[in-house]
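Written out below as structure tokens is the structure these notes cover.
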Amino acid sequence: MAARFNPLEADAHWQKVWEERGTFHASDSSARPRSYVLEMFPYPSGRIHMGHVRNYTMGDVLARYRRMKGFEVLHPMGWDAFGMPAENAAMEKKVHPGDWTWSNIDTMRAQLKRLGFALDWSREFATCDPAYYGHEQALFLDLFEAELVYRKQSEVNWDPVDMTVLANEQVIDGRGWRSGALVERRKLSQWFLKITDFAEELLDGLDTLDQWPDKVRLMQENWIGKSQGLRFRFDLESPIDGFAGFEVFTTRPDTIFGARFAALSPDHPIAAALAEHDPALAAFIAECKQGGTTAAELETAEKKGFDTGLRVRHPLDAAITLPLYVANFVLMDYGTGAIMGVPAHDQRDLDFARKYGLTVTRVVAPTPEEAAEPIGDEAYSGPGRLVNSEFLDGLSAEDAIREVIARAEGEGWGEGTIVWRLRDWGVSRQRYWGTPIPIIHCEACGAVPVPRDQLPVVLPEDISFDIPGNPLDRHPSWANVDCPKCGSPARRETDTLDTFVDSSWYFIRFASQPADAPFDRAQAERWLPVNQYIGGVEHAILHLLYARFWTRALRRIGRLDIEEPFKGLFTQGMVTHETYRAPDGRWLSPDEVERRDGKLVVAATGEPAETGRTEKMSKSKRNTVDPEPIVDQYGADAVRWFMLSDSPPERDLEWSEAGIQGSWRFVQRVWRLAIEEAERGPSSWLGTSGDNSGDDKPLTRKLHQTISAVGTNIESLAFNKAVANLYELATAVEKAPPSPARSEAVETMVRLVAPMAPHIAEQAWSALGKEGLVSDAQWPEADAALLVDDEVTIAIQVNGKLRDTLNAPKGASREDLEALALASDNVARSLGGKAPKKVIVVPDRLVNLVA
RNA sequence: GCCCCCGUGGCGGAAUUGGUAGACGCGCUCGACUCAAAAUCGAGUUCCGCAAGGAGUGCCGGUUCGACUCCGGCCGGGGGCACCA
């Protein structure tokens with residue numbers, strides 16, 4: 001038998017065995033309890049990277065563990081296969097986006113298989129397959145019929161480089177999330193999904209997601225952005241251009257007597273109307289639109305306003321009128337696009353008032369003494385009681401809010417309302433490589449759904465990418481169809497769906513994939529919700545919010561009775577690596593540098609190289625490490641083990657050569673233990689001593705403590721701790737003399753290692769002469785009686801400082817422990833012969849003597 | 001600016017409800033085996049000190065018999081949102 005474990009042979013062998021036996025096929029009809037373990041499916045960019053390996057290894061450990069615990073586990077894999085990179089490749093390399101994508105999928109599937117993931121490959125699909133996106137089109141039409149889809153002319157974020165529209169979420173600091181180009185504003189007819197209809201339930205639902213990271217829930221909460229306040233009407237002193245007044249929204253109706261001006265967004269209809277006969281205002285509005293939208297520019301942007309010369313009436317006192325401005329800091333797409341300005345209690349309003357010489361009147365005072373205190377450079381937004389506010393004087397801010405809302409509603413000039421930050425989801429993309437929106441535009445009938453029997457609307461193959469923009473628009477015939485309603489010539493929608501739509505329901509399709517429907521409801525409901533979802537934090541808002549919305553939308557239209565798609569969520573950290581730079585500043589890849597005499601040099605030239613920060617592996621910094629050669633060298637198990645070791649899974653993991661070697665050593669250690677055990681034979685310990693009871697109580701205890709700890713740690717995804725537990729056990733076993741207890745420990749350890757390093761585990765299992773696969777074996781059961789030691793170490797403190805430790809039987813009485821502590825020489829010395837004033841005894845833990 | 005998270009040896013990190021800080025891994029040192037090396041095995045490794053002992057979980061203070069853990073105030077790092085009324 002080989003002294004060393006040879007992963008190249010063993011990996012391939014066991015992967016073949018699992019595949020042939022269908023070991024990881026999930027049965028839809030199983031009577032076992034179910035568990036759905038899912039990792040965010042990859043975009044087929046070309047090759048697997050370390051981030052994938054880490055993500056999928058974590059999910060795999062959980063899936064294998066749950067399987068051994070007796071669950072019927074669904075652990076599928078597929079491809080998020082639509083998207084821009086395929087079109088970029090098409091433009092650069094003159095290949096068809098589909099050919100490029102499918103070939104990437106083949107490469108990456110093979111790479112994933114080499115890592116030995118316990119995936120049910122029979123459920124694999126790619127979202128770019130008409131067999132998938134056709135059903136997505138059907139679901140889109142379901143939502144359309146339920147009026148959860150609408151089309152509107154809207155100002156959109158136009159990415160001039162990618163020549164496409166971006167969702168608000170895809171604009172970061174005013175730039176396109178992919179291209180980094182400055183985003184322009186354009187008006188286009190776009191399809192929207194009514195996610196705002198679900199704002200309240202998406203927010204409330206977060207409370208039920210107790211197995212999600214708080215961070216993610218908080219991010220979603222902020223994103224949804226619920227604000228309660230008052231929406232009310234300002235009447236113009238005298239109507240103009242047919243406008244009698246306009247509505248504003250405020251979260252601080254209590255401060256209404258502090259209002260010193262009103263302001264409209266530059267995009268407000270009244271502003272536009274006024275601008276038609278006021279060139280100065282028109283110029284001001286144009287100037288506002290010019291301003292950049294980057295974070296830096298916004299931060300330094302001055303508050304600017306244009307006095308319209310008009311005045312509005314205060315709703316609570318007709319004698320008061322306020323000047324009306326058009327102001328650059330008022331956003332059209334939040335609230336009503338108009339505000340009341342309360343300089344004393346809002347910083348922006350204060351800046352504005354100071355600039356334009358408006359009065360500032362305090363209406364909330366934290367204490368009565370401060371009622372007359374003038375406002376300086378800082379607006380006061382804290383709590384307090386009302387002053388200078390007529391009938392509100394003396395009320396707390398909270399009560400005043402209620403009072404003003406009540407009065408507004410009673411008198412009919414306003415109402416208490418909720419405003420959301422969340423906007424509807426614009427899903428139109430002017431791209432080829434996406435799901436065609438199944439709509440036909442007819443001059444007479446308007447937007448008509450494609451009849452169900454004509455689905456899927458399949459992308460044409462004969463397209464060209466010679467010029468930027470959407471090839472579907474330019475295709476000579478694809479868009480030309482007859483209207484399904486009236487039969488007259490009509491035109492297909494040439495926009496495709498945002499790829500986030502594809503990923504909003506793929507987890508349902510994994511659970512159930514009939515040919516003639518998106519999913520079978522009963523079957524999907526048996527698997528869903530996903531018990532554990534694992535992926536990167538970068539999807540904390542967009543993907544996860546959209547998927548939650550989609551699931552709730554399906555529920556509302558009666559297709560699937562699931563509220564939340566992902567019961568447990570885990571966001572794993574990134575894989576990082578040092579960066580290296582040559583003297584001329586260009587980035588160097590890890591294999592372009594080497595250490596000579598402790599100094600880092602450029603391998604080819606010998607010139608000194610500089611070590612940069614440790615950062616996420618990225619092509620631009622050239623600090624990536626391709627997993628495949630590593631698997632070639634060390635085998636799948638060592639790579640998997642390393643991905644799980646050391647760093648807590650939610651934190652970043654730094655790739656290092658030393659780390660992978662350490663993992664390799666452990667794999668070999670497991671093998672050595674198993675092979676020694678196998679060669680010695682099951683009865684080798686017989687006759688080695690006169691006493692053949694073969695007990696090794698300490699080892700057996702260690703074993704059972706490890707069984708318990710590894711299980712707990714895998715369940716809470718604390719893989720780094722599970723790894724540490726197994727190292728400890730391995731050391732304990734190595735040090736133990738042969739005995740039945742040791743044989744049992746080795747066999748059990750193989751099972752404990754199996755979810756994390758499955759190939760060596762199978763090989764060892766087979767070497768030990770075990771029946772069947774370790775993948776099919778039961779997870780060992782920890783004996784509760786063996787989890788606690790019958791002797792414990794007691795810490796002896798004097799004044800809280802450790803002075804001695806001593807052993808005592810578990811459960812020793814307080815009196816005994818105290819007596820033991822006082823008998824210690826160290827204690828006597830520390831006490832200096834005096835009796836302690838007070839003695840604190842924590843049974844089985846410590847004695848603290850207070851002098 | 002607002003919100004959130006995190007600061008522990010040379011490094012990654014452990015430490016149920018406050019109860020022996022530094023498990024486990026990496027690295028390093030010494031030793032065994034070897035002609036030698038690799039691999040493997042053994043011992044050691046928070047800091048100061050020969051030792052006894054002392055100090056120590058970003059900094060300052062507090063609560064407590066006892067604080068990495070709880071409270072207050074700073075400093076540093078990371079993330080999210082960002083003119084949201």
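Because the structure is a prediction, the values reported are computed rather than measured. In what follows, chains carry the letters A, B, and so on, assigned in the order in which the sequence lines appear, proteins first and then strands, with residues in each chain numbered from 1.
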Nucleotide N/O to protein N/O under 3.5 Å, stretch nucleotides 53-56 of chain B:
from, atom 1, to, atom 2, distance (Å)
G53(B), OP1, R829(A), NH1, 3.1
G54(B), OP2, R803(A), NH1, 3.2

Determine the contact category for N848(A): base if any of its heavy atoms lies under 4.0 Å from a base atom, sugar-phosphate if only primed atoms, P, OP1 or OP2 are that close, otherwise nothing. base

Between R217(A) and D214(A), is there a salt bridge with N-O shorter than 4.0 Å? yes

Students often get this wrong, so: under 4.0 angstrom with heavy atoms, is V330(A) touching a base, only sugar-phosphate, or nothing? base

Donor-acceptor pair between R669(A) and T731(A) side chains, under 3.5 angstrom: yes

So, OP1 or OP2 of A85(B): does either fall under 4.0 Å of a side-chain N or O from Y334(A)? yes

Any donor-acceptor pair under 3.5 Å from D804(A) side chain to N826(A) backbone: no

Strictly under 3.5 Å: I want the nitrogen or oxygen pairs between protein and nucleotides 40-46 of chain B, one per line.
none

For A85(B), does either OP1 or OP2 sit under 4.0 Å from a side-chain N or O belonging to S227(A)? yes

So does G305(A) get a backbone contact from the side chain of Y356(A), meaning a donor-acceptor N/O pair under 3.5 Å? yes

Identify whether any heavy atom of Q797(A) sits under 4.0 Å from a base atom; if not, whether one sits that close to sugar-phosphate; answer base, sugar-phosphate or nothing. base

Per the atom types in the model, does the base of C24(B) pair as donor or acceptor with the side chain of K721(A) at under 3.5 Å? no

Measure up the W425(A) and Y546(A) rings against each other and bin them: parallel (under 30°), tilted (30 to 60°), perpendicular (over 60°). parallel

Throw together a table of side-chain donor-acceptor distances under 3.5 angstrom for residues 810-818 of chain A, partners on residues two or more places apart or in other chains.
from, atom 1, to, atom 2, distance (Å)
K810(A), NZ, D844(A), OD2, 3.4
S813(A), OG, D816(A), N, 3.1
S813(A), OG, D816(A), OD1, 3.4
S813(A), OG, D816(A), OD2, 3.3
R814(A), NH1, V841(A), O, 2.9

Touch class at under 4.0 angstrom, heavy-atom based, for Y727(A) against every strand present: sugar-phosphate

5'-most by nearest nucleotide on RNA chain B - E728(A) or M219(A): E728(A)

What does S645(A) touch in the nucleic acid at a heavy-atom separation under 4.0 angstrom: a base, only the sugar-phosphate, or nothing? nothing

Could you check whether V842(A) gets within reach of a base, just the sugar-phosphate, or nothing at all, counting any heavy atom under 4.0 Å? base

Using a heavy-atom cut-off of under 4.0 Å over every strand shown, decide if T793(A) touches base, sugar-phosphate, or nothing. base

Please state whether the phosphate of C2(B), meaning OP1 or OP2, lies under 4.0 angstrom from any side-chain nitrogen or oxygen of N222(A). no

Sticking with atom C1', work out how far C28(B) lies from A21(B), rounded to a whole angstrom. 22 Å

Residue-phosphate contact under 4.0 Å: R421(A) side-chain N/O, A82(B) OP1/OP2: yes

Using a cut-off of 4.0 Å on non-hydrogen atoms, how would the nucleic acid contact of L331(A) be classed: base, sugar-phosphate, or nothing? base

